[in-house]
There are 2 protein chains.
Amino acid sequence: MGLRETKMERTRQLIAETAFDLFVAQGYDATTIEQIAAAAEVGTRTLYRYYATKEALVVSFVENGLNAAMAAFEAQPDETPLPEALYAVVDSVEQTITANPARLLALYQIFHRTAGLRAGLADLDWSWRQRLAQEVLRRSDGTRDVLFATLTAASTMNVIEVVVQTWTADGGRTEIADITRSVLKLLRANAIPIPTAIRHDHST
Amino acid sequence: MGLRETKMERTRQLIAETAFDLFVAQGYDATTIEQIAAAAEVGTRTLYRYYATKEALVVSFVENGLNAAMAAFEAQPDETPLPEALYAVVDSVEQTITANPARLLALYQIFHRTAGLRAGLADLDWSWRQRLAQEVLRRSDGTRDVLFATLTAASTMNVIEVVVQTWTADGGRTEIADITRSVLKLLRANAIPIPTAIRHDHST
DNA sequence: TGTCACTTGGCAGTCACTGCCAAGTGACAG
DNA sequence: CTGTCACTTGGCAGTGACTGCCAAGTGACA
């Protein structure tokens, strides 16, 4: 990596950190792009070259975590059974959070306080489900169909989302590993009801 | 409902329909609020009193469908077993789509084409999961905890989302009831892998 | 039918975001 | 070491989403 790229990477980081701090300090809406740019000592125009939208400044943090999780998934050998490979995903997210819980809580606060912001996660969530499903499909090696892959990806995302939501709702006091364990236990016990049509009893 | 409210309701509808048509005709981004307001023959300021954001104009359609589904859920007698009550939710969504498939496909096209727009669904999705979980919790009458309710709500939303996604991805050619059946069947057969930690075998 | 509360719409202003252009600065060859 | 080139930077002007404010219009109701 040349000096040029190094510098740009640093600028990229600096902008995100600066923005994050300002958001925490004075709220998302109350912080203008100009302020962030000024604090990070770059032009607003430059800032936009690094982050396309104001939302992206916040979402990028989540994105990094998800990218790491996807990498962990892809790093699993092809022979690894699906449940274990999927566990790598959940585990990676857990590690990201454990590494810096305070940051995630703060991040969550920002999302929570700013109605229109949570929205920015959707795109990420969506593309991520796609990627996950695709990888699941590839791994199943023709023995499974798209519906299976889509459902598997969605279910896994669910686990992550429920765990994170439960953890943050609790203010991060509970060990995240414990929450994960509980969630997976419920699922494995088939304790979660599945929508079922009413069976019309003809013996009446 | 007085004349006043009737009129407002009609205006509300008119604005949404007008916007929808324009979005379909020329795309979301290319359509300005002013255009919509002009076409619907109201002031832009008035338009904003009915729909807080441009996104809301599109999201409202999805919101209506979900509201109907939630109403169907709440309409179930408290004695109805959870799986059947949840089925009412899935069924309601199915009905909404069946009633006007073309509209949903068009709607989906708009969402699909406009990156930043899918985002608007997240908020909806989120608040809806909350509401669903809350109702599930109420129905379980103290016999279940929050985690159970959250997971149940998330799983049900998953079913809906996967069904709709599969249906739209296919261009609406497959009977939606068939997709629903397949999805529920996969779930009931426990065919979807659950993330599982590698069991370290100590006998080695 | 007159009063009142609510709805409407225009206007000015803020802020996110974009295209364009000129100046600065690493990269790289000679 | 140096000149050239490609890329990065930042200012500026412009568009469009969205808001506060205020004056005019219009159902509701006594």
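Residue numbers begin at 1 in each chain, while the letters A, B, ... track the order of the sequences. The structure presented is a predicted model; accordingly, all values stated were derived computationally and were not measured.
- With dA16(C), dG27(D), dG10(C) as the candidates, the nucleotide lying closest to the side chain of L3(B) is dG27(D).
- Residue Y51(A) has no polar side-chain atom (N or O) positioned under 4.0 Å from OP1 or OP2 of dC17(C).
- Here the side chain of K7(A) is nearest to one of dT19(D), dG26(C), dT18(C), namely dG26(C).
- M8(B) places its CE atom 14 Å from the C1' atom of dA28(D), with the value rounded to the nearest Å.
- Contact annotation for T6(B): no contact, since no heavy-atom pair falls under 4.0 Å across all strands.
- Between T44(B) and R49(A), the one whose closest nucleotide on DNA chain D sits nearer the 5' end is R49(A).
- Atom CD of E55(A) is separated from atom C1' of dC17(C) by 13 Å (rounded to the nearest Å).
- Rounded to an integer number of Å, the gap from CD of E5(A) to C1' of dC7(D) is 11 Å.
- Between I36(A) atom CD1 and dC17(C) atom C1' the separation is 13 Å, expressed in whole Å.
- Between the side chain of S140(A) and the backbone N or O of T143(A) there is no donor-acceptor pair closer than 3.5 Å.
- Atom-to-atom, CG of L22(A) to C1' of dA16(C) comes out at 16 Å; the value is rounded to the nearest Å.
- In this structure, R139(B) forms a cation-pi arrangement with F73(B), its terminal cationic atom sitting closer than 6.0 Å to the ring centre and no more than 45° off the ring axis.
- For the pair L57(A) and A16(A), the tightest heavy-atom approach, listed with the atom from each and the gap, is CD2-CA, 4.5 Å.
- Nearest nucleotide to the Y50(A) side chain, out of dC6(C), dA27(C), dT9(D): dT9(D).
- One N or O on the side chain of R173(A) and one on the backbone of D170(A) form a donor-acceptor pair closer than 3.5 Å.
- In this structure, R10(B) atom CZ and dT7(C) atom P are separated by 16 Å, rounded to whole Å.
- Considering all non-hydrogen atoms of both residues, A19(A) and I36(A) come closest at CB-CG2, 3.8 Å.
- Here A52(A) lies in heavy-atom contact (under 4.0 Å) with sugar-phosphate atoms only.
- The OH atom of Y48(A) sits 7 Å away from the P atom of dT18(C) (whole-angstrom rounding).
- Considering only the side chain of R4(A), dC7(D) comes nearest among dC22(D), dC21(C), dC7(D).
- Side-chain nitrogen and oxygen atoms of T46(B) include at least one within less than 4.0 Å of the OP1 or OP2 phosphate oxygen of dG9(C).
- Using the Watson-Crick or G-U wobble rule with both distances under 3.5 Å, dG25(D) pairs with dC6(C).
- The distance from atom CD1 of I33(B) to atom C1' of dA16(C) is 15 Å, rounded to the nearest whole Å.
- Using the Watson-Crick or G-U wobble rule with both distances under 3.5 Å, dC15(C) pairs with dG16(D).
- For the pair R12(A) and Y51(A), the cation sits on the ring face: its NZ or CZ lies under 6.0 Å from the ring centre, inside 45° of the axis.
- Between G2(A) and T31(A), the residue anchored nearer the 5' end of DNA chain C, judged by the nucleotide with its closest heavy atom, is T31(A).
- Taking every side-chain heavy atom of T53(B) into account, dC18(D) is the closest of dC18(D), dG10(D), dA16(C).
- The shortest distance between the side-chain N/O atoms of K54(B) and the OP1/OP2 oxygens of dG16(D) is not below 4.0 Å.
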